[in-house]
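The shown structure was predicted, so the numbers you read here are calculated from the model rather than taken from an experiment. As a basis for the values below, the full set of heavy atoms in this structure was taken, side chains included, without hydrogen atoms, waters or symmetry mates. Below, read A as the first sequence line, B as the second, and so on, with proteins coming before strands; counting in each chain starts at 1.
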There are 2 protein chains.
Amino acid sequence: MDRLWSALSETHRRRILDLLRDRPCSVTELVEALGLAQPAVSKHLRVLREAGLVRVRIEAQRRIYSVDPAGIRALDDWLTPYRRLWNERLDALGWHLDATDDDPGHRNAHHDHGRI
Amino acid sequence: MDRLWSALSETHRRRILDLLRDRPCSVTELVEALGLAQPAVSKHLRVLREAGLVRVRIEAQRRIYSVDPAGIRALDDWLTPYRRLWNERLDALGWHLDATDDDPGHRNAHHDHGRI
DNA sequence: CAGGAATATAACCACAGAGGCATATTGGGG
DNA sequence: CCCCAATATGCCTCTGTGGTTATATTCCTG
């Protein structure tokens with residue numbers, strides 16, 4: 001878990017994920033997109049790989065990297081218990097009940113946060 | 001956004017969030033729970049606050065900290081475009097459709113991941 | 001109003017990690 | 001088989017940051 005977070009804490013690595021979300025890329029492509037030296041990018045990719053956030057497919061001398069859903073999944077799992085929390089608070093405070101809400105039934109739940 | 005991730009990259013800070021998710025706590029309570037020195041905890045709390053992850057309520061000399069949904073919300077938003085991705089991959093590969101799935105209707109859904 | 005409890009801030013130290021350059025490695029093409 | 005292209009790894013440096021101790025601040029209590 002620690003690896004996951006520390007991998008994601010870096011701007012360039014999040015940028016890499018953004019790029020890979022679009023389409024799988026070779027290292028060279030990423031180097032060009034990021035404006036970093038190639039070794040730096042390779043290192044970032046290593047970190048991302050060890051965190052379960054990207055995968056490699058070897059294709060001749062090219063390494064084609066793509067997002068590994070496992071890592072994202074882990075992050076989502078971590079987030080789950082908190083999501084409940086912010087749903088409660090949102091309607092408790094009468095905030096923006098926008099359309100991005102996945103779970104429409106929840107906002108009507110009787111929120112008795114009795115322990116506070 | 002950078003602040004958010006760097007705040008979350010630290011184990012103790014994530015632990016603090018875990019604790020606060022249960023109930024709001026004073027600094028001293030957190031100090032005891034974490035086994036860290038008080039100044040260290042105060043610094044972590046500062047970082048979490050500036051990242052929009054916790055809030056403070058002043059109560060006499062006590063500072064009562066609690067989770068600020070805003071930060072969690074931001075993280076969730078970041079995750080959104082990726083969630084689509086791993087949904088596609090999961091059923092494309094016929095992976096573990098375990099019981100942790102929040103959305104029971106989904107696993108039976110006819111998964112036409114037409115765009116990949 | 002003095003004393004102490006609760007918390008924040010400052011100064012300092014130590015270590016992790018991000019970046020750069022040089023080099024090793026691997027695979028393909030002439 | 002040799003050379004080049006693509007990528008990884010090693011080594012070094014430097015900045016960022018987490019931890020500690022000491023001190024400032026704030027507010028209740030006797």
TODO: Check step by step if side-chain contact (heavy atoms from CB on, under 4.5 Å) holds for A:L4 and A:M1.
DONE: CA-CA 5 Å; A:L4 180 66; A:M1 199 81 217; 3.7 Å; yes

Open item on the list: Looking at B:Y65, I'd like to know whether one of its side-chain N or O atoms comes within less than 4.0 Å of OP1 or OP2 on C:dA8.
Closed with: yes

Show each protein N/O and nucleotides 22-28 of chain C N/O combination with a separation under 3.5 Å, one pair to a line.
{"residue": "C:dG28", "atom": "O4'", "partner": "A:Q61", "partner atom": "NE2", "Å": "3.4"}

Task: Atom pair distance, as rounded to whole Å: CD in B:E59 and P in C:dA8 - done: 14 Å

Open item on the list: On the nucleotide C:dA8, are OP1 or OP2 found under 4.0 Å from the side-chain N or O atoms that B:R46 carries?
Closed with: no

Open item on the list: Suppose the criterion is salt bridge (Lys or Arg N to Asp or Glu O under 4.0 Å): which pairs have a residue in residues 25-46 of chain B, not counting sequence neighbours?
Closed with: B:R23-B:E29, B:R46-B:E50

TODO: Report the distance from atom CG of B:D2 to atom P of C:dA18, rounded to the nearest whole Å.
DONE: 12 Å

Task: Nearest-Å distance for atom pair CD1/C1', residues B:I64 and C:dT7 - done: 12 Å

- [ ] Mind jotting down which residue pairs meet the salt bridge (Lys or Arg N to Asp or Glu O under 4.0 Å) criterion with at least one end in residues 3-15 of chain A? Sequence neighbours excluded, please.
- [x] A:R14-B:D2

- [ ] Measure from the side chain of B:S26, starting at C-beta and using heavy atoms only, and say which of C:dA8, C:dT7, C:dG20 lies closest.
- [x] C:dT7

Task: Interface limits on DNA chain D, where chain B has a heavy atom under 4.0 Å of a nucleotide atom - done: D:dG18 to D:dC28

- [ ] To the nearest 0.5 Å, tell me how far B:S66 OG sits from B:L17 CG.
- [x] 11.0 Å

Task: Residues in ring-ring contact (aromatic ring centres under 6.0 Å, His included) contact with B:W78, at least two apart in sequence or another chain - done: B:W5, B:Y82

Task: Working for side-chain contact (heavy atoms from CB on, under 4.5 Å), residues B:L79 and A:L75 - done: CA-CA 8 Å; B:L79 202 52; A:L75 187 61; 3.6 Å; yes

- [ ] Could you name each residue pair satisfying ring pair (Phe, Tyr, Trp, His ring centres under 6.0 Å) that touches residues 49-76 of chain A, not counting sequence neighbours?
- [x] none

Task: B:L45 CG - C:dA6 P separation (whole Å) - done: 16 Å

Open item on the list: In whole Å, I'd like the distance from the CZ atom of B:R49 to the P atom of C:dT7.
Closed with: 13 Å

TODO: For B:Q38, enumerate each residue passing the side chain to side chain contact (heavy atoms under 4.5 Å, CB included) test, keeping only those at least two apart in sequence or located in another chain.
DONE: B:V27, B:V31, B:S42

Task: Nearest-nucleotide 5' precedence on DNA chain C, B:S42 against A:H44 - done: B:S42

TODO: Quick one: list whatever passes side chain to side chain contact (heavy atoms under 4.5 Å, CB included) with A:S6, sequence neighbours left out.
DONE: none

TODO: First locate atom SG of B:C25, then atom CG of B:L19, and finally report the distance between them rounded to the nearest 0.5 Å.
DONE: 6.0 Å

- [ ] Enumerate the residues from residues 3-14 of chain B whose closest heavy atom to DNA chain C is under 4.0 Å, giving them by residue number; use none for an empty result.
- [x] none

Task: Spacing of B:L20 atom CG and B:L30 atom CG [to the nearest 0.5 Å] - done: 5.5 Å

